[in-house]
Amino acid sequence: GGTLRFADAGIVSHVVTPLVTASFVCEEPYKVIRFATNDVAALQIVDGGLMRVMGSEEDENGVVSLLSETDGTPWKLKVGADVTQEMQYVKVADSDATVGAMASAMDSVGDDFSKAHNWSIVTVVKGELITWTGAAGSAFGDVGNWDLGRAPLKSDKVKIPAGCANYPTLGAAVEALELEVEAGASLSLGGFDLTVKDNLKVAGALVCSGFETITVKGLSDFTGSQVTPAHSTLLITGSDNARFMPTGATFNDVRIVRGGNDISVFGGFTANRFEVKATAAAVAVAGSQTAPTAISGVAGGAVVSAQTAPSN
C-alpha cells in the first residue's frame, strides 16, 4: 500500500525485492530504475492504484527508463485491475507484464519495446479526440475503457457519449484540453479535481462527492446538465474572453477569477456561494442567480452588469 515516489535523476534506483504498492510515481526525466529478475513480479500495482511515469516532453533523451537489473533477463510487472496509468516519454526494456493487465505508455516508441511483453505503445497527437467506451468497467484511467487503447492525457479532447454500459469515475486528478459529457452520459469525480484547459460542455450528469475543484479556462456550458455539487468548487479562470452558461444548474461554490479579459454569464443558476475577482474585466450576467451564503465580486475593478442571453 501507500505511494512509492522516485526522485533524483542523478542516481540509478534498484528495486531488489518484490514490491507491492498502490501508487508508483516517477516524474524525473533521465531517471533510471532497475528491477530484480525474480519468478514473482518485481513490481505490482494493486487494483485501483496509480502508475504514473513521466519523462520530458521537451527533450527526446529525457525519458524515464524502466530496465532489468540484468540486461536481457526479463523483470516481471503486474498491473492490477482498474489501475490508472499515466505513462509518457518512457523507455522500457526486458519487461514481462503478462501476469497482469496490459501496461500502456504514450510517446515512448523505440527498439526497446520489442523486448517488452503485454505493453501497448501509442503515439499521441495533441488535440486528439478520445472517446469513452466503458468496455472494461468504470475506472477512468483503465486503458480498456477508451477507444484509442490508452487513458486520456492533458492534451486530449475527451468525449463521454450516451449509450454506454458503464460510466467513468475518476481515480486521480484529471486534466484535459476539452471535455464533453453528452446528454444521457455521466462523469463522477470521486473526490478528485478536474481541470479543463479549453471548453467544458456538460449536457449529462456531473457527480461530485466531496470537495473537488473543477477548473475551466474556456467555455463552460452546462445546458441540460444534472449537477450533483456536494462541497465542490467551480473555478472559471483564464486570460481569454469566455462564456459561462449555467442555464439553471445548481452548484455549491462558483468562483470567477479573471486576469483582465471579459466573461459573459448566460442563464440563471443556484449556488451556496458566488464570487467574482477580476482586474479591469467586465462580467456580464443574464438570468437569475441565487447564492444564499455570499455574493461578492468587485475586487480589482471588476464590472458586473446585466447581459442579454445569446440567440444561438
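Values reported hereafter were calculated over all heavy atoms of this structure, with side chains retained and with hydrogens, waters and symmetry mates removed. This chain uses plain numbering: 1 for the first residue, then up along the sequence. On a predicted model such as this, the values are computed, not experimentally measured, just so you know.
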Plane angle bin for Phe251 and Phe269 - parallel if under 30°, tilted between 30 and 60°, otherwise perpendicular: perpendicular
Between Trp119 and Ser95, a side-chain donor and acceptor under 3.5 Å: yes
Shared hydrophobic cluster, Met87 / Ile121 (ILVMFWY, side-chain heavy atoms < 4.5 Å): yes
Polar contact flag, side-chain donor to acceptor under 3.5 angstrom, Asp59-Tyr30: yes
Gap separating the CH2 atom of Trp132 from the OG atom of Ser138, nearest 0.5 angstrom: 6.5 Å
Same cluster (ILVMFWY, side-chain, under 4.5 Å), Leu177 and Leu170: no
Gap between atom CG of Leu179 and atom CD1 of Ile214 - 0.5 Å precision: 10.0 Å
Test salt bridge (charged side-chain N to carboxylate O under 4.0 Å, His left out) applied to Lys201 and Glu178, step by step: CA-CA 8 Å; Lys201 295 183 180 181; Glu178 294 184 0; over 6 Å; no
Phe140 CZ to Asp82 CG distance, which is reported to the nearest 0.5 Å: 13.5 Å
Rounded distance (nearest 0.5 Å) linking atom NZ of Lys76 with atom CD of Gln44: 13.0 Å
Interatomic spacing from NZ in Lys197 to OG1 in Thr215 - rounded to 0.5 Å: 14.0 Å
Any side-chain donor near an acceptor of the partner, Lys31 and Ser13, under 3.5 Å: yes
Aromatic plane relationship, Phe24 with Phe6 - under 30° parallel, 30 to 60° tilted, over 60° perpendicular: tilted
